[in-house]
Amino acid sequence: MKPPFRADHVGSLLRPKLLLEAREKRAKGAIPPEALTAAEDQAISDAVRKQESVGLQSVTDGEFRRTMWHMDFITRFANVAVVPSEIKIRFHTHEGDIDVAPPGLKVTGTLSRPAGIFVDHFKYLKQVAKATPKITIPSPTVLHFRGGRQAIDDKAYPTMDSFYADLARVYSEEVRDLAAAGCRYLQIDETNFAYLCDPSVREQVRTQIHEDPAELPKTYARLINGAIAGKPADMTVCMHLCRGNNQSAWLSEGGYDPVAEVLFNEIKVDGYFLEYDTDRAGDFSPLRFVPKGKRVVLGLVTSKLPRLEAKDALKRRIDEAAKYVPLEQLAISPQCGFASTVEGNKMTENDQWAKLGLCVEVAREVWGAN
């Protein structure tokens, strides 16, 4: 089978203790950069073997070389600066709410990509993987959504069309080099389409970045399509939608209805990893817009809590989804990664591997393959 596979996963994994210790030592200057790289290499190799041993057909590097799912990538473009955030957001946890001010982003000049960003990461993953290696990158929409027009230098980009064209260009350069390195399974991690499902976030879009939340998905669809326009015909590109994933906390909620038609029909990707582990993602009815030929990976297994789901309950949920999109177009995965930030979600590595193994078991019982 081509990816996405019947049992798949979003990508990030809990960092092993030895890797966390190596990161801490490097931050204190106690070890050289080469020692941290060696620790990352070993942790990635071990994680790949473990992914393969639980039966997964796609493997990632766990995002072990990153601190955050997106900032390690976005800030490698020239003239992208991290600035104090002017926007406070409220994360939700099972224990209560947390107000945080995430780092802001500012485009201070013309965008360029001085060198490959995750290309070497992929090369090492491909070297140690027997299963299909997948690399994940943050969506280009991140660079706009955090600040809007006011966060983009108007001398470098007098029009937003010129900004979006340049942003698509620098992304396409990374996609091109990943393809040249042998990547045939690429995942775009997209939060902003999911955020635009939340009425309160849609209002913030109007008042804080001064965009029309009904038109922004169309703009973002064109941007993403431009970023992947040069991909090889045999490269599978999937999009993962996330409502926030930071140490088991989440940010937004709301069904996919406000974005479904654009999401499924205007973005030229092969499949979607969709959050469906709780009611906050709504019901399956928006899946009626999924066209033939695209696959939906149902994120039915939570990556935020250690409890292990019952197989019969997961199968019932798959049956519900199959009322809106044919069963052969469906697959199963955890709802999100296990560690979008270096700290990771509130569970153990054993919990993580049990959940991934559960996805494989369910896939074999439902589809006869994983």
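Treat the numbers as computed from the prediction; the structure is a model and nothing was measured.
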Shortest non-hydrogen contact between [X] and [Y], atoms and distance:
X: Cys359; Y: Ile332; value: O-CG2, 3.7 Å
X: Ala22; Y: Ala39; value: CB-CB, 3.7 Å
X: Ala156; Y: Gly109; value: CB-C, 3.6 Å
X: Phe122; Y: Ala181; value: CE2-O, 3.6 Å
X: Lys315; Y: Val362; value: CG-CG1, 4.5 Å

### Query
Which of these, Leu105, Thr191, Val201, sits in a side chain to side chain contact (heavy atoms under 4.5 Å, CB included) with Phe145?
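Testing each of Leu105, Thr191, Val201 against Phe145, the sole residue satisfying side chain to side chain contact (heavy atoms under 4.5 Å, CB included) is Val201.
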### Query
Considering the options Leu287, Val297, Val301, which one meets the side chain to side chain contact (heavy atoms under 4.5 Å, CB included) requirement together with Tyr276?
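Only one option passes, and that is Leu287.
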Flag side-chain contact, heavy atom, 4.5 Å: [X] against [Y]:
X: Asp257; Y: Cys197; value: no
X: Pro138; Y: Trp69; value: yes
X: Thr60; Y: His9; value: yes
X: Thr136; Y: Glu63; value: yes
X: Phe264; Y: Val259; value: no
X: Thr37; Y: Asp41; value: yes
X: Leu305; Y: Lys346; value: no

Would you tell me whether [X] and [Y] have side-chain atoms, one donor and one acceptor, within less than 3.5 Å of each other?
X: Lys294; Y: Gln329; value: no
X: Ser285; Y: Asp283; value: yes
X: Ser139; Y: Glu190; value: yes
X: Asn350; Y: Gln352; value: no

### Message
Does this structure show an ion pair linking Arg169 with Glu173, if we count only N-O contacts that are shorter than 4.0 Å?
### Response
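Salt bridge: yes.
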### Query
Is it true that Lys134 and Asp8 have a side-chain N and a carboxylate O under 4.0 angstrom from each other?
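A salt bridge is present here (some side-chain N lies under 4.0 Å from a carboxylate O).
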### Parallel, tilted or perpendicular: ring planes of Phe77 versus Phe73, cut at 30 and 60 degrees
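Perpendicular: the ring planes of Phe77 and Phe73 meet at over 60°.
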Flag the pair [X] / [Y] as yes when their ring centroid distance falls below 6.0 Å, and as no otherwise.
X: Phe289; Y: Tyr324; result: no
X: Tyr256; Y: Phe284; result: no
X: His144; Y: Tyr220; result: yes

### Task
Treat each ILVMFWY residue as a node, draw an edge where side-chain heavy atoms are under 4.5 Å apart, and state whether Val290 and Leu327 are in one component.
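Both belong to a single hydrophobic cluster.
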### Query
Is it true that Val342 and Leu19 fall in one hydrophobic cluster, defined by side-chain heavy atoms closer than 4.5 Å?
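No, Val342 does not connect to Leu19 through the hydrophobic network.
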### Task
Pick out which of Glu361, Glu349, Glu309 makes a salt bridge (charged side-chain N to carboxylate O under 4.0 Å, His left out) with Lys355.
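When salt bridge (charged side-chain N to carboxylate O under 4.0 Å, His left out) is applied between Lys355 and each of Glu361, Glu349, Glu309, only Glu309 qualifies.
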### Query
Under the 6.0 Å and 45° cation-pi test, does Arg65 pair with Tyr124?
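Because its charged atom sits under 6.0 Å from the ring centre and within 45° of the axis, Arg65 does stack over Tyr124.
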